[in-house]
Amino acid sequence: MNNEIHSVLPNIINHTLVTEAQYRELYEYSLRDPESFWGEQAKKYITWFEQWEKVFSGGFDKVDVHWFQGGKLNASYNCLDRHLEIRGDRPAIIWEGDDPKESEIISYRSLHEKVCRFANVLKQYGIKKGDRVCIYLPMIPEAAIAMLACARIGAIHSVVFGGFSVEALKTRIQDADCKMVVTANEGVRGNKMIPLKRNVDAALQDCPHVNYVVVVRRTKNSVSWDQQRDIWYHEAIARVNVECEAEIMDAEDPLFILYTSGSTGKPKGILHSTGGYLLYVAITHHLIFDYHEKEIYWCTADVGWITGHSYGVYGPLANGATTLLFEGVPNYPTSSRFWEIVDKHSVNIFYTAPTAIRALRREGDEWVTRTSRKSLRILGTVGEPINSEAWEWYFRIVGQERCPIVDTWWQTETGGIMISALPGATPLKAGSAAWPFFGVAPLVVDDNGNILPEGKMGKLVITQPWPGMLQTVYKNAERFINAYFREFPGWYLTGDQAYRDADGYYWILGRSDDVLKVSGHRIGTQEVESALVLHSAVSEAAVVAKLDEIKGQSIYAFVTLKIGVHPSEDLKKELMQTARNSIGAIAVPETIQWAEGLPKTRSGKIMRRLLRKIVDNDLANLGDLSTLADPTVVDELIKICQKK
Ligand code: WTA
């Protein structure tokens, strides 16, 4: 831990939105009187067609939380229509293509028109309020357009990351029972083509309820075509009207489903509401990134993840900001790409993942220092803990010690940022997410729910509802309760480990459950295990995280083969391919270790805790092995692991 405080940021403090004293006062007020606090903010940040009857009701005890009941609004109206008069000609989206020669600026007026047109296309092909639409697109403006078009007519979007495989796409389409898929013929990243339409074609073999596939022509290459089902995006939008009234939605009507991994079972469809979510992403985007009118804001996350939803699309557009969408990767054509884009579009606020920072740091300072970056004012990180070396490099080399870093802690489930510094208000400590946002009440507790003293690591819970919180797990209320409210009734369980220091700073150390964060991507160990056992040679598999200098964590798989099967390097490659086919490239194990046997309790449960210690070479803390069905397997595993 690095307890040094960086607080000398006078150029920032001149014009930040919140000071330290204001933060403390408002924070206290937000917890003491959440109704008044959130009621005031809801009037400030959101345009309502009709005001709510109650700011919030219910609580975590019965898990019956409601936000802004009776309120009427539309998310697309808030992100577009209400800006037209004052900033219709300002850029809403700056799109930067994979190829540095390609970029496009879309004004609010033009985005409004595009969204209205696509909303009319959705209607024309039978999509109604409440229907689910799957969006499987690369980082092109049409991704944001399709999301906002769904929101405009009250359809629920389910964006699936373009890096997910056919199998993963299929299970998500099936679970949400989508009626339509919006995709592109191909995606382009780092000068490589991604066969999105081909994946959709394969997935839809088993999705009989999908009636139509709308296809954006991103590249010139042709794709196979189903005359009854497939529709070219550009042809469809040319045929429809440019007018489309925004549907009047209840505050509690769902806005979207986004699948994310848990410690057990298949990915969960996290369901977010319209009113609470939109308010929460708007206020956090405004205050945490200290957004000022006319600034250029860039969040590098793909729209396939929650960060892309909340801080690439909804938060910035609700605030009338200019949001930059980047199709490519940080190291194409060179490792200067991020900073060249910053200079090209005069980016003021830049938000990325620690993995990207670590990878770029490894390439050397020269890629950064040859660019100007003088427009940069605020830097942000998200998705995994940031080590202090990476933090210092980001602060000193990228930000030239001028830009505060907001290390933002949150989750798909929380909708928006929960713990973060506020620029100018919070003295920074490298590696700490700092203080809770308004209305957020975290606690660090032990396994029995006792509150832990400062400096003691434990489980992070949230004790009061906040507007951005998930509404439920789609079609699975039981799983919602079990995953988040069963272990500590009355509190929301985050699944993270953390401690709070004497200055009230939270230090998030990683997950306390079986969820991995590989390059910031969230993957369940059980998902990877289920994928590996699909291979006919595999009898059993156990997956744990291994520390990785760049990715934060990598996937380490212990695999027991069926009797008579011979281990080989080729078989390892096959297993890696199996994981790729079942989930996607992000789920491919970095290491596969053959295991004659796995450490299990007498009731047959695999002890992953032990495997984690073996992989981390933390042999002094293996603990009591006497409860194992066969303690001798442990020595064997250690021996092989140490050779790796
Ligand atoms: C981790 C991403 C440390 C954490 C927005 C959390 C972080 C999980 C941070 C959620 C951070 C996110 N410091 N860890 N600043 N931000 N995490 O759902 O383990 O993809 O539970 O949402 O990422 O991942 P998810």
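Start at 1 and go down the list; that is how both ligands and their atoms are numbered.
Here is the list of ligand 1 atoms found below 4.0 Å of a heavy atom in V382: 5 (C). For ligand 1 and T412, the ligand atoms under 4.0 Å from any heavy atom of the residue are 18 (O), 20 (O), 22 (O), 25 (P). Taking every heavy atom of I508 and a limit of under 4.0 angstrom, the matching atoms of ligand 1 come to 3 (C), 14 (N). Under a 4.0 Å criterion applied to the non-hydrogen atoms of T307, ligand 1 contributes the atoms 5 (C).
A salt bridge is absent between E478 and R486: the closest approach of a Lys/Arg side-chain nitrogen to an acidic carboxylate oxygen does not fall below 4.0 angstrom. Between D177 and K475, no side-chain nitrogen of the basic residue sits less than 4.0 Å from a carboxylate oxygen of the acidic one, so the salt-bridge criterion is not met. Using a 4.0 Å cut-off between a side-chain N of Lys or Arg and a carboxylate O of Asp or Glu, D290 and R377 qualify as a salt bridge.
Backbone and side-chain nitrogen or oxygen atoms of T494 are examined, and none is located within less than 3.5 angstrom of a nitrogen or oxygen of ligand 1. Distances between N or O atoms of K517 and those of ligand 1 include at least one value under 3.5 Å. Here's the thing with R511: one of its N/O atoms is less than 3.5 angstrom from an N/O atom of ligand 1. Any N or O atom pair closer than 3.5 Å counts here, and G383 shares at least one such pair with ligand 1.
Contact annotation for I306 and ligand 1: only side-chain heavy atoms (C-beta onward) come within less than 4.0 Å of the ligand. Only the backbone of E384 comes within contact range of ligand 1, with a heavy atom under 4.0 Å; no side-chain atom does. Contacts with ligand 1 closer than 4.0 Å are made by backbone heavy atoms (N, CA, C, O) of T408 only, the side chain lying farther away.
The protein heavy atom nearest to atom 6 (C) of ligand 1 is D496 OD2, 3.1 Å. When only non-hydrogen protein atoms are considered, atom 10 (C) of ligand 1 lies nearest to W410 O, 3.6 Å.
How far CD1 of I386 is from OG1 of T408: 10.5 Å, rounded to the nearest 0.5 Å.
The closest approach between W305 and ligand 1 stays at or above 4.0 Å for every heavy atom of the residue. Heavy-atom distances between P385 and ligand 1 reach below 4.0 Å in at least one pair.
A donor-acceptor contact shorter than 3.5 Å links the side chain of S30 to the backbone of G439.
Classification of the H157-Y314 ring pair by plane angle, with boundaries at 30° and 60°, yields parallel.
Atom NZ of K517 has more than 12 heavy atoms from other residues, nucleotides or ligands within 6.0 Å.
When every heavy atom of I417 is checked against every heavy atom of T284, the shortest pair comes out as O-CG2, 3.7 Å.
T355 pairs in a side-chain hydrogen bond (donor to acceptor under 3.5 Å, both in side chains) with only one of the listed residues (Q553, K551, E384), which is E384.
Looking at L169 and F164, their side chains never come closer than 4.5 Å, going by heavy atoms from C-beta outward.
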